[in-house]
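A short write-up of the structure that comes next.
To find a chain, count down the sequence lines: A is the first, B the second, and so on, and within it residues start at 1.
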There are 2 protein chains.
Amino acid sequence: MSDAFEITRLDDQGGKGFEKVFAFLRERLLAGSLKPGDRLIPERELAAQLGVSRPILREALRALTVLGIVEIRDRVGTIVRRPDISVLNDFFTFALSHRSDLMDDIVQARVAIECQSIRLAAERASVADLERLQAALRQIEETIDDVEAGGRADFDFHHAIVRASGSETLLVLYDSMSAVLMRSHLDRRHLVRVFDMRTYLIEDHKRVFDAIVGGNPEIADRSLREHFAIGDEFRRKLAIQGGRRADQPD
Amino acid sequence: MSDAFEITRLDDQGGKGFEKVFAFLRERLLAGSLKPGDRLIPERELAAQLGVSRPILREALRALTVLGIVEIRDRVGTIVRRPDISVLNDFFTFALSHRSDLMDDIVQARVAIECQSIRLAAERASVADLERLQAALRQIEETIDDVEAGGRADFDFHHAIVRASGSETLLVLYDSMSAVLMRSHLDRRHLVRVFDMRTYLIEDHKRVFDAIVGGNPEIADRSLREHFAIGDEFRRKLAIQGGRRADQPD
DNA sequence: GTATGCATCTTGGTCTGACCACGGTATGAA
DNA sequence: TTCATACCGTGGTCAGACCAAGATGCATAC
């Protein structure tokens, strides 16, 4: 355990044992003095130093494991982890099963990220980025009749845009939502059976690609928003027809 | 506790106590037979029925609280919650603290979120949202010579834009960056001492506000980007002068 | 000197039983 | 009927014990 993990007895004001321990650990870990792979001191010692019982400490540690912040290894100790988006699966699975409105909301964040990404991509995409986008376009064409693979191909194209932004932060945020967005793409691919969307899927993705190559951030942004708007329109038509709800635009 | 919560003793195969209890509870709650507001049976009873000790059950319940799936109320019981994306705030905070070291990069995400937010705000801001923005504008004027309070006021204005979007997701993402953004605002407030930025700070924030009130998403988006661009220009001037680096635009 | 086997240590995983805090409910007395 | 008190119920927490199993250290044999 790193010396940087300075233990102080928790003060007596406010909150219950768990809350104070959790907040303390969270802050200490956020302070950044511990790196992924570092091990915290043994539970018994940590609990004693923090002045709480071991089960309470364990509740706090367990909470941190669920957030992907640490990992408790049997008979080894508690190890600091690199944050991992897979922890979000449980949340999104639960959340979306109860609140379909959240999908629309998450898509706002998706739009935010992709539109800013495409602006950056128009300015700074590398040859490798463009090749990646081209490959994704080809994949969209090849999978036009396959719901599963097609949804995957759509996602890959959009992911490639975010990647082409060269922004680590935008990519982290986008990856955090990838499970939800994948689902969205799949649902939208089911619309292919209701409407003939092949032209839209193929041509419009190309149009977006051309806008990136064109190098003008505003035009690229606008082309992507138009792309989303068309997808929204298909969804609107389906809703008016009373058909099965498809969640989101491509 | 709803009758629908059928308890079975956990089987003996695979996994440790915690893992089995957590998986069982997660699945039962995902099955949807419990609604927000429903109460689980008392911990002692639930632990006995599941065949585990109470501390282990509590670890599992605590994990579920962190995922926002349930809420443990002191002396009442464990209540099923309505999913709320704000529980992911800690996750995003950690994810960004480990992966995004550069202020410039985080600001790309900030721009993405604010620009999408202002588009939504132009369409859907409530009276309360507008009042909040107005209050923040007044605060900017009143704190124009105070670095600390001024940085706070700037942040509050921008935060109010995100809030006016009405998007939980965008707000959570923004909040997870708030510590970094606060720093950015403070740093930028130091520029007031180098350049006379008062007009910019006061008038340009008003211009952004007016764009929101104007109700046109694209115009609002553009006005905010222009606002950032002006702030960038001040920063560029400082860099050319070789003065102290201020990190980012307002 | 080196290798192997056995005992001990370490650390998380879990259990048991006890106690605390405090709001809500029930009961008894006026 | 109303008010006061006692009890109950439930989560919050503690202390101490035990288990499992890998790692380490020590002793013995080759």
Main-chain N/O of B:Leu186 paired to B:Arg152 side chain as donor or acceptor, under 3.5 Å: no
base_contact_polar (D:dG12 base, B:Arg54 side chain, donor-acceptor, <3.5 Å): yes
Distance under 6.0 Å and angle within 45° of ring axis: A:Arg110 vs A:Tyr174: no
Under 4.0 angstrom between A:Ser53 side-chain N/O and D:dC14 OP1 or OP2: yes
Listed partners of B:Asp146 passing salt bridge (Lys or Arg N to Asp or Glu O under 4.0 Å), at least two apart: none
Plane angle bin for B:His158 and B:His185 - parallel if under 30°, tilted between 30 and 60°, otherwise perpendicular: tilted
d(CD, A:Glu45; C1', C:dT10) in whole Å: 12 Å
B:Pro55 or B:Glu43, whichever maps to the more 5' nucleotide of DNA chain D: B:Glu43
Side chain A:Asp187, main chain A:Ser184, donor-acceptor under 3.5 Å: no
Atom pair distance, as rounded to whole Å: CG in A:Leu50 and P in D:dC14: 11 Å
d(CZ, B:Arg39; P, D:dG9) in whole Å: 12 Å
Spacing between B:Arg44 atom CZ and D:dT13 atom C1', to the nearest angstrom: 11 Å
For residues 127-138 of chain B, dump all side-chain donor-acceptor pairs below 3.5 Å to protein atoms at least two apart in sequence or in another chain.
from: B:Asp129; atom 1: OD1; to: B:Arg132; atom 2: NH1; distance (Å): 3.1
from: B:Asp129; atom 1: OD2; to: B:Ser126; atom 2: N; distance (Å): 2.9
from: B:Asp129; atom 1: OD2; to: B:Ser126; atom 2: OG; distance (Å): 3.0

Contact residues, residues 56-76 of chain B to DNA chain C [heavy atom, < 4.0 Å]: B:Ile56, B:Arg75
